[in-house]
Amino acid sequence: MEGVHAVIRAARSRPATGVMTKQPKTKTRATPSLPRQSQAILDTMQLGVTQANAEGEILYANPAVAEMHGYTVAELVGSNLSIFEASVEQEPTIAGWSEGSTSWTSERVHKRKDGGTLFVRALSDVISGSAGGTIVTGYEDITERRQAEDALREQHEKESLHAALHDPLTGLPNKLLLLDLIDQALGRCKRHSEYMCAVVVLNLDRFHLVNDGLGHTVGDQLLNAVSERLKPCFRSVDTFARLSGDEFGFLLDDISDISDTLRVADRIQEQLAKPFQCGSEEVFTSGRMGVALSTTGYERAEDALRDATLALHRVKSGTAVRHEVFDPVMHRRAHARMELETDLRWAMEREEFRVFYQPIVSLEDGTITGLEALLRWEHPRRGLLEPSEFLSVAEQTGMIIPLGSWVLEHSCRQMRKWHDEISRDSPLSLSVNLSGKQLLWKDIAQHVGQVLEETGLDGRSLRLEMKEVAMLDDADPMLSVLSELKELNVSLDIDDFGIGYSSLRSLHRFPIDSLKIDRSFIEKLHIRRESEEIVRTILALAQNIGVSVVAEGVESPEELATLKKLNCEMAQGHLFSAPLLHDQITELIEGHRYPV
C-alpha cells in the first residue's frame with residue numbers, strides 16, 4: 001500500500017488533467033486524470049488500483065485490480081465501482097467533497113465476476129483539481145488473512161463455549177449444560193407420551209474427610225477418579241455431569257421404566273465400592289442417590305433437579321438404602337418445612353413462644369420437688385405446637401441457639417420469682433433442656449453463668465437436661481463442656497435415658513447428677529416384663545454411681561405402683577399434671593401434695 005501512497009502523493013503535487021465533469025455517460029473510455037508516468041508505475045504494481053470520479057465511474061484500473069476481481073482492464077474502465085459490491089450493506093460511494101484532500105481505509109467484501117467473493121483492504125485518497133476531483137483507491141486482497149482470523153475466532157468461540165458448559169476439574173458437563181439437556185429431554189417427553197427420562201443426583205459420602213484429612217489435592221484426584229470410573233456406566237445418549245463439590249448429576253434419556261434407572265444406580269454403587277488410588281493414597285468412598293422421573297410431569301429442568309436433590313436428602317446415611325425415588329409427598333413435605341422455617345424465623349419477633357411447666361414429684365411423699373420447663377409454640381394458624389413439630393427445624397437452621405437462650409432466661413426469671421413469692425421448706429428446682437447444638441456452642445457455660453447472674457437464680461436450683469446420645473457421640477469435647485457447667489453449681493441430668501443403653505459403661509466419666517428414664521420404658525411398665533427389667537437395671541446402675549432417677553411419662557396408677565415397688569425416687573407425667581402455664585402452676589406448688 002505504501003507504493004500506492006507515493007504515487008498518489010506525487011499526483012497531488014501537480015494539477016489533475018482530464019477530470020470528467022458531470023455529463024451523460026458514454027461507452028467511450030474515460031480520460032484518466034492521473035499523469036501517464038503515474039499510470040505506468042501503477043500498471044506494474046501487485047496491488048490493485050482504481051481511479052473513479054464523483055459518480056463512481058471508473059476512469060482507470062490497473063491489471064492487478066482487474067485480475068483480483070476476474071475482469072479485464074477494458075471491462076472495468078467505464079463501469080461503476082458498484083460492480084465490486086457484494087451486498088447492499090457496502091460502504092456508500094462518496095458523492096462529493098469540499099476543496100482539499102481526504103483519505104480513509106476500510107475492509108470490505110468484494111464480488112468477483114464469477115460470483116465468488118474476496119476480502120479486500122482499501123485505501124482511498126481524494127485528488128482535487130480545478131475541474132472537480134477523483135478518488136484513487138488501492139486494494140489489497142486479505143482473503144487468506146480474514147479466513148485465518150475467522151477460523152481462529154471460531155475456534156476461540158468453541159473453546160469458550162466448552163469452558164462455559166464444562167467442569168474445569170473433571171471435564172464433565174456442568175450444571176448449566178445438564179439443565180439444558182434435561183429441558184430438551186422433557187420436551188421430548190411432552191411430545192411423545194411413551195418417552196421417559198430420569199434425573200439423578202449423586203453425592204459422595206465422607207468426601208469432606210478426604211479433603212480435611214488428606215488435603216484438597218487428594219480430594220481433586222478422587223473426584224477425577226470417580227468421574228473416569230463412572231463414565232462407562234452410561235450410554236451415549238445419557239449425560240454425566242458434575243454439579244458442585246462432591247455432587248454429580250446425570251440424565252438417563254429414553255428409558256423404558258424405573259428399573260433401567262435402578263440398574264444404573266446399582267452399577268454405580270458397585271464401582272464406588274472399589275478403592276480409588278489417589279497418588280500414594282488408597283481412598284474409599286460410597287454414594288447416595290436421589291431420582292426424579294419425567295412421569296411426574298415436569299415443566300422445567302430446575303424442578304426435576306430440585307426433586308432429585310430432595311430425594312437424595314431423604315436417603316438416611318449409614319443405612320442399607322443408598323438411593324430413593326422422588327414422590328409428590330416429598331415435595332409437599334419440603335414445602336411444608338419451608339413454610340415452617342419461615343414462620344419460625346418470625347415467631348420470636350412476634351413473641352409466639354410460651355414456656356409451660358410440668359411438676360416433678362417425689363414418690364416418697366407426693367410433694368413437688370421441681371418443674372421442667374417445656375417449650376410450646378402458639379402458631380397463628382396451626383395452634384399450639386409441641387417441640388417435636390419444630391425443634392428439628394430449629395436445630396438445622398441454627399435458630400436453636402437464640403431460642404434455647406430465651407427459654408433458659410425466661411424460665412430462670414420465673415423460678416426466681418416463685419422462690420421470692422412462695423415459702424417452702426426446700427426451694428424448687430428448675431429443669432431446662434439443652435440440645436446437642438447448644439452443648440457444642442463454645443459460649444454455653446458463659447451464657448448460663450450470665451443468665452444466673454442476671455436473674456438472681458442460685459445455680460443449685462438449675463438442672464440442665466441433655467440427651468444421652470448427644471453426650472456420648474463426642475465424649476471428649478463434651479466432658480470439657482460439662483466440667484465448665486458444673487463449676488456454676490448447676491446439676492446435670494441425662495434425658496431420655498436408656499436409648500443409648502450400649503454406652504452405659506461410659507457414664508462414670510461424666511459429672512452426672514440424675515438420670516431420666518425414657519418414657520418408652522415406662523409405657524405399660526406393669527405388663528411388659530422386659531421394660532420392668534430395664535428400669536430395674538437403670539435404678540441399680542444409678543444407685544451404684546450415686547445419682548438420682550426420674551421416671552418420665554407416667555400415665556397410669558399401675559405404672560406408678562410398679563415404680564414405687566422398684567423404689568424409684570421421682571416421676572413426672574400426666575398422671576400428676578399436664579404441662580401448665582406459670583399462672584396455672586403457681587397454685588400447685590403452694591403446698592400441693594399428690595397421693596402416692
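What you see is a predicted model; the values in this text were computed from it and never measured.
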Q.
Between the side chains of Glu523 and Arg519, is the shortest nitrogen-to-carboxylate-oxygen separation below 4.0 Å, so that they form an ion pair?
A. no

Q. Would you say the ring centroid of His110 lies under 6.0 angstrom from that of Tyr139?
A. yes

**Q.** Residue pair His69 / Lys113, side-chain heavy-atom distance below 4.5 Å
**A.** no

Q | Gln277 side-chain N/O to Gly279 backbone N/O, donor-acceptor pair under 3.5 Å | A | yes

(Q) For Arg350, give me all partners under salt bridge (Lys or Arg N to Asp or Glu O under 4.0 Å), at least two apart in sequence or on another chain. (A) none

Q: Just do the side chain to side chain donor-acceptor pair (under 3.5 Å) check on Asp167 and Thr170 with the steps written out, would you?
A: CA-CA 6 Å; Asp167 172 50; Thr170 63; 2.6 Å; yes

Q) Quick one: does Ile517's side chain get under 4.5 Å of Ile522's, heavy atoms only? A) yes

Q: Can you measure from OG (Ser392) to CD1 (Ile400) and round to the nearest 0.5 angstrom?
A: 9.5 Å

Q | Residue among Leu479, Val547, Leu485 satisfying side chain to side chain contact (heavy atoms under 4.5 Å, CB included) with Pro511 | A | Leu479

Q) Under 6.0 Å from the CD atom of Glu530, do we count more than 12 heavy atoms belonging to anything else shown? A) yes

Q | Reported CZ-to-CD1 distance for the pair Phe497 and Ile512, which is rounded to 0.5 angstrom | A | 9.5 Å

(Q) Check Arg382 with Glu389, please: is the shortest side-chain N to carboxylate O separation under 4.0 Å? (A) yes

Q. Is atom CD of Gln46 surrounded by more than 12 heavy atoms (other residues, nucleotides or ligands) closer than 6.0 Å?
A. no

Q.
In the structure I gave you, are the side-chain heavy atoms of Val199 and Leu252 within less than 4.5 Å of one another anywhere?
A. no

Q: Answer yes or no: are there more than 12 heavy-atom neighbours, outside Lys175 itself, under 6.0 Å from its atom NZ?
A: no

Q. Taking NZ, NE, NH1 and NH2 as the nitrogens, is one of them in Arg188 or Asp253 under 4.0 Å from a carboxylate oxygen of the other?
A. yes

Q) When rounded to the nearest 0.5 angstrom, what is the spacing between CZ in Arg121 and CG in Leu47? A) 10.0 Å

Q: Take atom CD of Glu351 as the centre, draw a 6.0 Å sphere, and report whether it contains more than 12 heavy atoms from other residues, nucleotides or ligands.
A: no

Q | Centroid-centroid under 6.0 Å between Phe250 and Phe234 rings | A | yes

Q) Are the charged groups of Arg145 and Glu107 less than 4.0 angstrom apart, N to O? A) yes

Q) Hey, what's the ring geometry for His166 with His162, parallel, tilted or perpendicular (30° and 60° as the breaks)? A) parallel

Q | Atom pair CG (Leu482) and CE (Met466), whose distance is rounded to the nearest 0.5 Å | A | 5.5 Å

Q: Could you pull out the closest heavy-atom pair between Ser227 and Phe240, with the gap in Å?
A: O-CE2, 3.6 Å

Q: Verify the neighbour count for atom CD of Glu67: are there more than 12 heavy atoms of other residues, nucleotides or ligands below 6.0 Å?
A: no

Q.
Let me confirm one number: the CD-CZ distance from Glu324 to Arg288, rounded to the nearest 0.5 Å.
A. 11.5 Å

Q. Within the side chain of Arg242, is there an N or O that forms a donor-acceptor pair under 3.5 Å with the backbone of Leu172?
A. no

Q: Please assess Glu372 against Gln358 for the test side chain to side chain donor-acceptor pair (under 3.5 Å), listing each intermediate value before the final yes or no.
A: CA-CA 5 Å; Glu372 180 178 359; Gln358 187 173 40; over 6 Å; no

(Q) So Arg112 and Thr117, do their side chains get closer than 4.5 Å, heavy atoms only? (A) no

Q: Verify, without hydrogens or angle tests, whether Asp443 (side chain) and Gln446 (backbone) share a donor-acceptor contact under 3.5 angstrom.
A: no

(Q) Under the criterion salt bridge (Lys or Arg N to Asp or Glu O under 4.0 Å), I'd like the reasoning laid out for Arg263 against Asp266: C-alpha separation, chi angles, the key distance, then a yes or no. (A) CA-CA 5 Å; Arg263 279 193 291 271; Asp266 289 340; over 6 Å; no

Q. Any sub-3.5 Å donor-acceptor pair from Asn203's side-chain atoms to Glu247's backbone N or O?
A. no

Q | For the student: nearest non-hydrogen atoms of Ser286 and Leu272, plus distance | A | C-CD1, 4.0 Å

(Q) Looking at Thr143 and Phe119, would you say the former's side chain and the latter's main chain have a donor-acceptor pair under 3.5 Å? (A) yes

Q) Backbone N or O of Lys467 within a donor-acceptor pair of the Asp495 side chain at under 3.5 Å? A) no

Q: Determine, for Glu302 against Arg306, whether the closest basic-nitrogen to carboxylate-oxygen distance falls under 4.0 angstrom.
A: no

Q: Give a yes or no answer on whether the side chain of Gln269 reaches the backbone of Gly287 with a donor-acceptor pair at less than 3.5 Å.
A: yes

Q) Taking it one step at a time, do Asn224 and Glu228 satisfy side chain to side chain donor-acceptor pair (under 3.5 Å)? A) CA-CA 6 Å; Asn224 271 314; Glu228 288 300 318; over 6 Å; no

Q) Between Asn174 (side chain) and Ala164 (backbone), is there a donor-acceptor pair under 3.5 Å? A) yes

Q. Given the rule in the side-chain contact (heavy atoms from CB on, under 4.5 Å) test, do Leu230 and Phe248 qualify, once you have shown the distances and angles that lead to the verdict?
A. CA-CA 11 Å; Leu230 296 188; Phe248 296 83; 5.8 Å; no

(Q) If I take atom OG from residue Ser435 and atom NZ from residue Lys437, how far apart are they, to the nearest 0.5 angstrom? (A) 8.0 Å

Q) So do the side chains of Phe84 and Val120 get within less than 4.5 Å of each other, counting heavy atoms only? A) no

Q) side chain to side chain contact (heavy atoms under 4.5 Å, CB included) with Ile255: which of Asp260, Asp238, Val264? A) Asp260

Q: Carefully, step by step, assess Gln271 and Arg267 under the rule side-chain contact (heavy atoms from CB on, under 4.5 Å).
A: CA-CA 6 Å; Gln271 293 301 317; Arg267 287 201 299 268; 5.7 Å; no

Q: For the pair Phe284 and Glu282, evaluate side-chain contact (heavy atoms from CB on, under 4.5 Å) and give the outcome as yes or no after the intermediate values.
A: CA-CA 7 Å; Phe284 291 86; Glu282 190 175 51; 4.0 Å; yes

Q: Answer yes when Arg108 and Glu85 have at least one side-chain N-carboxylate O distance shorter than 4.0 Å, and no when they do not.
A: no

Q.
Show, in sequence, the C-alpha distance, side-chain angles and deciding distance for Asp496 and Lys516, and conclude whether the side-chain contact (heavy atoms from CB on, under 4.5 Å) test is met.
A. CA-CA 6 Å; Asp496 299 339; Lys516 299 190 78 171; over 6 Å; no

Q. Is the closest side-chain heavy-atom distance between Val432 and Arg463 below 4.5 Å?
A. no

Q | salt_bridge(Arg381, Asp343) N-O dist < 4.0 Å | A | yes

Q | Whether Ser294 side chain and Leu186 backbone form a donor-acceptor pair below 3.5 Å | A | no

Q) Is the NE2 atom of His156 crowded by more than 12 outside heavy atoms at less than 6.0 Å? A) no

Q: Please examine the side chains of Trp377 and Leu391, heavy atoms only from C-beta on, and report whether any two atoms are closer than 4.5 Å.
A: no

Q | Geometric cation-pi criterion Arg229 and Phe276, 6.0 Å radius, 45° cone | A | yes

**Q.** Met196 and Thr295, any side-chain heavy atoms less than 4.5 Å apart
**A.** yes

